[in-house]
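Residue numbers start from 1 in every chain, and the chains themselves are labelled A, B, ... in the order their sequence lines are given, proteins ahead of strands. It should be emphasised that the depicted structure is a prediction, and the values quoted were computed from it without experimental measurement. What you see below is based on every heavy atom in this structure, not just the backbone, and it leaves out hydrogens, waters and symmetry mates.
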Amino acid sequence: MLLQQLSLFLENKTGRLAEVTRVLSEKHINIAAFSIADTADFGILRMIVDQTDVALAALKQQGFAVHTTDVVGFVIPNQPGNLYQALQHLDSIAIEIEYLYAFAHNGDAAAVIKTNDNKLTATTLKEFGYHLLEAGEQLD
Amino acid sequence: MIWNEHAECMEREQLIKLQNERLQAMVSRLYYNVPFYRKKFQEQGIEANDIRSVDQLKYLPLTIKQDLRDNYPFGLFAVPQSEIVRLHASSGTTGKPTVGGYTRRDLETWSEVVARSLYAAGVDHNDVVHVSYGYGLFTGGLGLHQGAQKIGATVIPASGGNTKKQLQIMHDFGSTVLACTPSYALYLAETMKEIGMDPSELKLRRGIFGAEPWTEEMRKEIEQKLHLKALDIYGLTEIIGPGVAMECEHQNGLHVFEDHFLPEILDPQTLQPVPYGEVGELVFTTITKEGMPLLRYRTRDLTSMTIEKCTCGRTMARLHKFMGRTDDMLIIRGVNVFPSQVESVLLEMSETEPHYLLIVDRVNNLDILEILVEVNESFFSDEVRQLEALTHKIKANIESTLGISAKIKLVEPKTIERSEGKAKRVIDKRPH
Ligand SMILES: [Zn+2]
């Protein structure tokens, strides 16, 4: 039910992001979604890729501080107000969102979300009829 | 285990008698054989026979590193070069190296004190001693080598570098004792993790670590990561090399081999002796050295000393854990700061690695301290606020220990330069 996200610590130094993408491209890994949260000194790169284990090993080997994090991925039908609705369902049962980012998915949008209770988030979204993204699912 | 019980457990009264005789003979050797010292004695009106007891040490001139540079390379030797059988040198970070010249008897003394050191660590002829100190002009490699050979241990002269190969050798040859710098020990542990080697695959049981100051926390970390008991050895090329002082298995201070090296602790400002237990600069007089005897040599190392008898039975004075060097001491906004303090803070926290770099700069006439800290791979979080909370926690801990504020910057693992010898901990960009 949950997706595995790669979370990576990046110093704000030129070339570090390019280095990550180089490592992944050499292993023929496809990045389905990513976002960067940054502060003045460092950034956290969050990514959903098609072969998480291979990517994790390759990045570790290159000395990156990287690990996997459980997140929820779900499809948002391409109509106005759909994300709002989904978030309201979560809000109504007092789920707190740590972060969220979206990406295009087969003509619709998809969102990656991390909350204080990922399992409950996934069940809730499922009950309201959202399609949850599973690991290994065609993510592009 | 005690290698030389007669010397190491001597009653203090008897020891002082021996020291008096040896000091007297040394002063006379210096007076007649080393023009540098004769000139100093004459300036102070001291005659060759005036000094009869260690109580008179305080009247004798001090020797500093600059004196060694001024007399580079052989100006302080007390014997003709034909009697010198070995030369060592320590690489100065600036200027000329510091030279040590040894007669045959000096080499014997050196092996003797290293043999005592190894026995103090519980190492004997059944052990396989893996020496990863550098061999060459540096005293670490050959110093440990000779002592280990003297006690009849099996010596592996691995020297520094080629870390994966070293682990392989340790594994295949069944090394039981590791001798290297503490930072290299941590580097070995890191490499083991990298190649998936578990410490239980090795037979290591003792570590003889020295050549740079290290903290109690670092000891704990090394012991836990390498599954061995880590002991501190002290020495410097000018005095003889490693083996000037050594911790026993009680890990309760470093025993100084006082029948060869007279220790004093002086207030670094007034240069007067401080009472036992108080911190000051460590000063040595080499009462048995023939090649290059030094009188009251200022080591720049800060520590304190006790002459209370140790549980191990040795009566020799003990030095407490080193606080750093007077040279390493940074004065930031008027506060004395030692890199070792930062290290203890980081080691107390599980979230960080003890790899750090202090960058000191001056902006608008104000000293600025920035500390780069490597994040621990396993702790690193995907949430910004957790990393910010970690930064604040480090900052608060640093401030309460150092007494000054610092900017903390988290950096990626393994980006701070590792050294196989001494670790570089400070970049001081302030104009001098
Ligand atoms: Zn002891």
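Across every non-hydrogen atom of B:I222 and B:A230, the tightest pair is CG2-CB, 4.5 Å. Heavy-atom minimum distance, B:I368 versus B:R333: CA-NH2, 4.1 Å.
When ring centroids are compared, A:F9 and A:F64 stay outside the 6.0 Å threshold.
A:E98 touches chain B through its side chain: at least one heavy atom from C-beta onward sits under 4.5 Å away, while N, CA, C and O do not. Within the 4.5 angstrom heavy-atom criterion, only side-chain atoms of B:V375, from C-beta onward, approach chain A. Heavy atoms closer than 4.5 Å to chain B are found in the side chain of A:Q5, but not in its backbone. Using a 4.5 Å cut-off between heavy atoms, B:T415 contacts chain A through its side chain alone, with no backbone atom that close.
A:Q4 contributes no side-chain N or O that, together with a main-chain N or O of A:V71, makes up a donor-acceptor pair within less than 3.5 Å.
Counting heavy-atom pairs closer than 4.5 Å to chain B, the top residue among A:I44, A:L10, A:T69 is A:I44.
The side chain to side chain donor-acceptor pair (under 3.5 Å) test applied to B:E194 returns no partner, not counting sequence neighbours.
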